[in-house]
Amino acid sequence: MNHALQGQTALVSGSTAGIGLAIAQALGRDGASVVVNGRTTARVDAALHTLREENPDGHFVGIAADLASAEGAATVIAAHPDIDILINNLGIFAVSPFESTSDAEWTRFFETNVMSGVRLARHYVPRLIAKGSGRVVFISSESGVQIPTEMIHYGTTKAAQIAIARGLAQQAAKTGVTVNSVLAGPTRSEGVGTFIAEFAHAQGVSQSQFEADFFRTARPSSLLQRFLDPAEIANVVVFLASPAASAITGASIRAEGGLLQSAW
């Protein structure tokens, strides 16, 4: 175990699978006590089992609450009013033509991808500022910069996360609290794994062939030309959460496999 985060408590929203689970694992390996969150007790318990099996010396606790709702946020905040590291990871995605994406779907995406982080940050950031230390990371996406035409609603919520993180970083200036966003690229999370399997089956090709075709046609600017592993995103997040990243705040850190073509 690396002890860089020893004595720190981290809350990772949406951490029962995929990127969130990988972040919880990595934070635990660096010595943080980690609060694992998911919508159901069954999912949280399964994640805790995985985390404790991999890291018996780690400290993991769980809380089941739907952070896409104000009630869910209130539940988490009541149970864990004070933390040191906030990772706003909860998010959903779906391919949906703009012209047929309903108001209800736009609202669902904003409540999940945007308001979950807003509600938690609204409670925790002032407390971190008062304490004079802390880390906040929003798991955004390259889609927040390069809006995908097949899911404009998703890209819009990711752009909102980038804006919120920058605004909060400015609010926390000179306090010892850093706030950043991570622009994750296409990652083989639980949801993406399902997406790959379903589309590969529909097209009658293998999943590896679908992945190659996807990057050749839909994401040709990717330099890696593959889906990222959740652990690759987690490595970046844990660095930002560590004392070593004290000079980085208000930034949108790219972890997207070179997909974005701008040099900055």
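Numbers here simply count residues along the sequence, with the first being 1. Both backbone and side-chain heavy atoms feed into the values below; hydrogens, waters and symmetry mates do not.
- The side-chain heavy atoms of V125 and V136, taken from C-beta on, include a pair separated by under 4.5 Å.
- Ring-centre distance between F109 and F93: not below the 6.0 Å cut-off.
- How far CG of L120 is from CZ of R122: 9.5 Å, rounded to the nearest 0.5 Å.
- A salt bridge does not link E71 to R119: none of the charged nitrogens lies less than 4.0 Å from a carboxylate oxygen.
- Follow the hydrophobic side-chain contacts under 4.5 Å out from I87 and you reach I248 in the same cluster.
- A241 approaches L27 most closely through the heavy-atom pair CB-CD2, 4.2 Å.
- Following chains of ILVMFWY side-chain contacts shorter than 4.5 Å, one can reach F110 starting from I147, so the two form part of one hydrophobic cluster.
- Going from atom CG of D66 over to atom OG1 of T112 covers 7.0 Å, rounded to the nearest 0.5 Å.
- Between the side chain of N37 and the main chain of G62, no donor-acceptor pair closer than 3.5 Å is present.
- Scanning both residues, A26 and V238, for their nearest heavy atoms gives CB-CG2, 3.3 Å.
- Closest approach of A22 to A231, counting heavy atoms only: CB-N, 3.9 Å.
- Although no hydrogens or angles enter the test, the distance criterion places a donor-acceptor pair under 3.5 Å between the side chain of T175 and the main chain of V177.
- Put simply, CD on E54 and CZ on F60 are 7.0 Å apart, with the number rounded to the nearest 0.5 Å.
- Across Y124 and P81, no two heavy atoms sit closer than the pair CE2-O, 3.4 Å.
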Practice prompt. For S141 and Q146, run side-chain contact (heavy atoms from CB on, under 4.5 Å): C-alpha distance rounded to whole Å, both residues' side-chain angles, the deciding distance at 0.1 Å, then the answer.
Written response: CA-CA 9 Å; S141 167; Q146 193 164 280; over 6 Å; no

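- Looking at heavy atoms from C-beta onward, L183 lies out of side-chain contact with I253 at the 4.5 angstrom threshold.
- With hydrogens and angles disregarded, no donor-acceptor distance shorter than 3.5 Å links the side chain of T157 to the backbone of G155.
- For the residue pair S96 / T101, a side-chain donor-acceptor distance below 3.5 Å is found, with atom types taken as modelled.
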Discussion item. Go through it in stages, so that I can follow the logic: the residues are N180 and R166, the test is side-chain contact (heavy atoms from CB on, under 4.5 Å), and I'd like the CA-CA distance, side-chain angles, deciding distance and then a yes or no.
Written reply: CA-CA 7 Å; N180 295 288; R166 176 65 197 190; over 6 Å; no

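- Of the candidates E256, E211, E150, R219 forms a salt bridge (charged side-chain N to carboxylate O under 4.0 Å, His left out) with just one, namely E150.
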Practice prompt. Go through F215 and L224 one step at a time and tell me if the side-chain contact (heavy atoms from CB on, under 4.5 Å) criterion holds.
Written response: CA-CA 9 Å; F215 281 95; L224 293 185; over 6 Å; no

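- A salt bridge links E105 to R108: one of the charged nitrogens lies within less than 4.0 Å of a carboxylate oxygen.
- A donor and an acceptor atom, one from each side chain of S13 and S116, are nowhere located under 3.5 Å apart.
- Hydrophobic clustering places L128 together with I164 (ILVMFWY residues linked when any side-chain heavy atoms are closer than 4.5 Å, directly or through intermediates).
- Side-chain contact check for V36 versus L51: some heavy-atom pair is nearer than 4.5 Å.
- Under the 4.0 Å criterion applied to side-chain N and carboxylate O atoms, D82 and R127 are assigned as salt-bridge partners.
- V12 and G20 get closest at one heavy-atom pair: CG1-O, 3.8 Å.
- Looking only at distances, no side-chain donor or acceptor of S33 sits under 3.5 Å from a matching main-chain atom of H59.
- Counting only heavy atoms from C-beta outward, the side chains of W106 and T156 approach each other to under 4.5 Å.
- One hydrophobic cluster, built from ILVMFWY side chains closer than 4.5 Å, holds both L90 and V61.
- Atom CG of L67 and atom CD1 of I77 lie 8.5 Å apart (nearest 0.5 Å).
- Of the N and O atoms on the side chains of S206 and S208, at least one donor lies less than 3.5 Å from an acceptor on the other residue.
- The two residues V76 and I63 make their nearest non-hydrogen contact at CA-CD1, 3.7 Å.
- Put simply, CD1 on I162 and CD on E142 are 9.5 Å apart, with the number rounded to the nearest 0.5 Å.
- No side-chain heavy atom of S15 sits less than 4.5 Å from a side-chain heavy atom of L21.
- Distance CD1/I85 to CG/L11: 10.5 Å, rounded to 0.5 Å.
- I19 has its side chain out of reach of V237: every pair of non-hydrogen atoms, C-beta onward, lies at least 4.5 Å apart.
- In this structure, N55 and Q25 have side chains that are not in contact, with every pair of non-hydrogen atoms separated by 4.5 Å or more.
- In this structure, I23 is a member of the same hydrophobic cluster as L5, with clusters built from ILVMFWY side-chain heavy atoms closer than 4.5 Å.
- T16 contributes no side-chain N or O that, together with a main-chain N or O of A47, makes up a donor-acceptor pair within less than 3.5 Å.
- At a threshold of 4.5 Å between non-hydrogen side-chain atoms, the residues K158 and N113 count as touching.
- Comment: D84 engages K131 in a salt bridge, judged by a side-chain N to carboxylate O separation of less than 4.0 angstrom.
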Worksheet item: Could you go step by step and tell me if F98 and T149 meet the side-chain contact (heavy atoms from CB on, under 4.5 Å) rule?
Response: CA-CA 8 Å; F98 177 79; T149 57; over 6 Å; no

